[in-house]
Amino acid sequence: MDIFEKIAKHMGPIGQHHKWSHGYFSFPKLEGEIAPHMMFRGKEHLVWSLNNYLGLANHPEVRKADEAGAAEFGMAYPMGARMMSGNSKYHEQLEQELAAFVGKPDAFLLNYGYQGMVSIIDSLVDRNDVIVYDGESHACIIDGLRLHMGKRFVYKHNDIESARKQLERATRLVEVSGGGILVITEGVFGMSGAQGKLKELIALKSEFNFRLLIDDAHGFGTMGPTGAGTHEAQNCIDGVDVYFGTFAKSMAGIGAFVASTEELTNYFRYNMRSQTFAKALPMPMVIGLLKRLELVKNSPELRDRLWDIATALQKGLRERGFDLGVTDTMVTPVFLKGELLEATSLTMDLRENYGIFCSIVVYPVIPKGLIELRLIPTAAHTLEDVQRTLDAFSEVSDKLKAGYYKENQITMM
């Protein structure tokens, strides 16, 4: 039985390995867009690790909306879960606008992205269903899978032939169990910057009976002609059965949403335990998110700026011989050869002596002997920031190749 058909039948009428450094970052008090510069232990740093793709974090219209929401409602409202006393016309308005933007009939707000994805998976499947998922799925997907009492099969990252083989295995099982198959992938993989092969997976529906759920945390607001997401960028909106997006990345906010058919979205409203038994998203954030969504839809220059910075950064890095892997999005991974201690010293050197902060990724997330420095460009960065970073990366790369970080452990100043 198809997963969605089964849900309709049962729902009834309700339809890093190094220690944390001591110190903290603080933002300078700036008007307009928030600059990607922060103070750390009294020194200014250029930061490439901000969830602020479109530079909305300190946009004056966003600040005004956030302040107006807080002034009118305070931080306590609404004082209850959505099913009880926590609903409002603003929550419903945001859901309607989100659904229309991503090309789905309905949407449901979620308090947090990570928690939301875990709960989506938990509510969608039971022990008779089989999940087929990409091998590089985000941790929130993996944790959702851990709640699944049925079978789950992993396919090699973005490998359609591997996905086909796992779908064959899943099909044999559900023919016996009477369950359904759920395929899960990401729109944009946050570590590699690769797009999920949505169109190729959707094409497999001609051979197998399954539903497709995508986690588009990095794609929502950044990908596609209007920013509606990776499914828009790949021109396959209708083939995605369940669309998940967060407010943390492009909208510099808190929360997430899931969009699908009216029937399934209504099912989520009454069956997602993380939402049924939790207080609703606070009113100031909902009011602020309405303004953020308005800017995402009506200010394409923000997305254009993001891509200008990302393109300049990636082009400059590649011209200097850096390995960026397979990224074809704004996520910019830089792969270097080195061991853990070299990785921590290099990162410390970048921060303490070059004033540049970025995320470091090491084993077991990536293979031993590799270091990944992940850069997240935003519309708030400048071409001067890009040039400063290119020069710094060239210098630390030369040090790494010369063995400098094996012999010299960089410490905090």
Side-chain angles (χ1 to χ4, degrees), residues 1-11 15 95 98-110 113 116-126 128-134 137-138 140-141 144-145 148 150 152-153 155 158 160 163-164 166-167 170-171 174 178-188 195-217 219-220 223-224 228-246 256-272 275:
M1 180 185 295
D2 180 87
I3 286 180
F4 285 13
E5 292 174 352
K6 184 170 60 179
I7 286 174
K9 178 180 178 181
H10 291 287
M11 68 182 289
E95 288 173 336
L98 285 165
F101 182 51
V102 301
K104 295 299 174 186
D106 200 2
F108 178 43
L109 290 181
L110 311 173
M117 176 55 74
V118 170
S119 198
I120 288 170
I121 296 171
D122 179 48
S123 63
L124 268 181
V125 293
D126 64 27
N128 296 311
D129 301 318
V130 179
I131 298 176
V132 176
Y133 65 101
D134 189 285
S137 294
H138 189 270
C140 65
I141 296 173
L145 293 170
H148 178 43
R152 57 182 187 264
F153 299 130
Y155 63 89
N158 266 348
I160 299 304
R164 176 181 281 107
Q166 301 309 324
L167 281 166
T171 298
V174 298
I181 301 172
L182 179 66
V183 175
I184 307 176
T185 189
E186 297 188 42
V188 174
Q195 294 182 50
K197 294 190 176 181
L198 308 184
K199 294 187 75 170
E200 292 88 342
L201 288 170
I202 291 168
L204 291 177
K205 288 184 176 183
S206 64
E207 303 176 45
F208 306 96
N209 185 19
F210 67 88
R211 298 290 184 162
L212 178 62
L213 161 63
I214 71 165
D215 174 348
D216 207 23
F220 173 69
M223 299 293 291
T230 311
H231 62 330
E232 181 190 45
Q234 297 187 22
N235 194 28
C236 59
I237 291 177
D238 293 339
V240 174
D241 299 294
V242 185
Y243 181 89
F244 169 83
T246 71
F257 70 99
V258 58
S260 187
T261 63
E262 290 184 4
E263 183 178 45
L264 185 60
T265 305
N266 213 32
Y267 171 83
F268 284 136
R269 288 189 173 97
Y270 292 90
N271 288 275
M272 286 186 64
Q275 308 306 306

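This structure is a prediction, so every number in the text was calculated from the model and none was measured.
- Annotation for Ser260 and Pro105: closest pair O-CD, 3.1 Å, computed over non-hydrogen atoms.
- Nearest heavy atoms, Val130 versus Ala170: CG1-CB, 3.5 Å.
- In this structure, Leu98 and Leu109 have side chains that are in contact, with non-hydrogen atoms separated by less than 4.5 Å.
- Side chains of Thr246 and Leu110 form no contact here, defined as non-hydrogen atoms less than 4.5 Å apart.
- In this structure the side chain of Asp238 never reaches within 4.5 angstrom of the side chain of Ile202, judged on heavy atoms.
- With sequence neighbours excluded, the residues forming a side chain to side chain contact (heavy atoms under 4.5 Å, CB included) with Ala228 are Phe101, Thr226, Glu232, listed by chain and number.
- Remark: Glu207 engages Arg164 in a side-chain hydrogen bond (donor to acceptor under 3.5 Å, both in side chains) (not counting sequence neighbours).
- The nearest pair of heavy atoms linking His231 to Val102 is NE2-O, 2.9 Å.
- To the nearest 0.5 Å, atom CD of residue Gln166 and atom CZ of residue Phe210 are 13.5 Å apart.
- The structure places OG1 of Thr171 at 8.0 Å from CG of Asn209, a figure rounded to the nearest 0.5 Å.
- Under a 3.5 Å cut-off, the side chain of Gln234 and the backbone N or O of Gly187 do not form any donor-acceptor pair.
- Of all non-hydrogen atoms in Gly245 and Phe220, the two that sit nearest each other are CA-CB, 4.5 Å.
- Not counting sequence neighbours, the partners of Val118 by the side chain to side chain contact (heavy atoms under 4.5 Å, CB included) test are Tyr114, Asp143, Leu147.
- A heavy-atom distance below 4.5 Å is found between the side chains of Met223 and Gln195.
- Between Phe268 and Ile120, some side-chain heavy-atom pair lies under the 4.5 Å cut-off.
- In this structure a side-chain-to-backbone donor-acceptor pair under 3.5 Å is missing from Thr265 to Glu262.
- When all heavy atoms of Gly113 and Ala256 are compared, the pair lying nearest together is CA-CB, 3.6 Å.
- Here the straight-line distance linking atom SG of Cys236 with atom CD of Glu200 works out to 9.0 Å at 0.5 Å rounding.
- With sequence neighbours left out, Ser119 forms a side-chain hydrogen bond (donor to acceptor under 3.5 Å, both in side chains) with Ser274.
- Under the 3.5 Å distance criterion, the side-chain polar atoms of Lys104 are matched with a main-chain donor or acceptor of Val240.
- Scored by the salt bridge (charged side-chain N to carboxylate O under 4.0 Å, His left out) test, Arg211 finds Asp2, Asp241 as partners (sequence neighbours excluded).
- With values rounded to the nearest 0.5 angstrom, Ile160 atom CD1 is found 9.5 Å from Leu167 atom CG.
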Do Val258 and Leu213 pass the side-chain contact (heavy atoms from CB on, under 4.5 Å) test, and can you show the C-alpha distance, the side-chain angles, and the key distance before you say yes or no? CA-CA 10 Å; Val258 58; Leu213 161 63; 5.5 Å; no
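- Counting heavy atoms from C-beta on, the side chains of Leu198 and Thr185 come closer than 4.5 Å.
- Every residue meeting the side-chain hydrogen bond (donor to acceptor under 3.5 Å, both in side chains) condition with Asp106, not counting sequence neighbours, appears here in chain and number order: Arg269.
- Between the side chain of Asp129 and the backbone N or O of Asp126, at least one donor-acceptor pair lies under 3.5 Å.
- Take Lys199 and apply the salt bridge (charged side-chain N to carboxylate O under 4.0 Å, His left out) test, not counting sequence neighbours, and it matches no residue.
- For the atom pair CG of Leu145 and CD1 of Ile184, the computed distance is 5.0 Å after rounding to the nearest 0.5 Å.
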Test log, rule side-chain contact (heavy atoms from CB on, under 4.5 Å), inputs Ile181 and Phe208: CA-CA 9 Å; Ile181 301 172; Phe208 306 96; 5.6 Å; no
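- The nearest pair of heavy atoms linking Cys140 to Asp215 is SG-OD2, 3.7 Å.
- Looking at heavy atoms from C-beta onward, Ile121 lies in side-chain contact with Ile141 at the 4.5 angstrom threshold.
- A search for side-chain hydrogen bond (donor to acceptor under 3.5 Å, both in side chains) contacts involving Thr230 returns Asp216, not counting sequence neighbours.
- No side-chain heavy atom of Asn128 sits under 4.5 Å from any side-chain heavy atom of Val174.
- Tyr267 contributes a side-chain N or O that, together with a main-chain N or O of Ser123, makes up a donor-acceptor pair within less than 3.5 Å.
- Rounded to the nearest 0.5 Å, atoms CZ (Phe257) and CZ (Phe244) are 8.5 Å apart.
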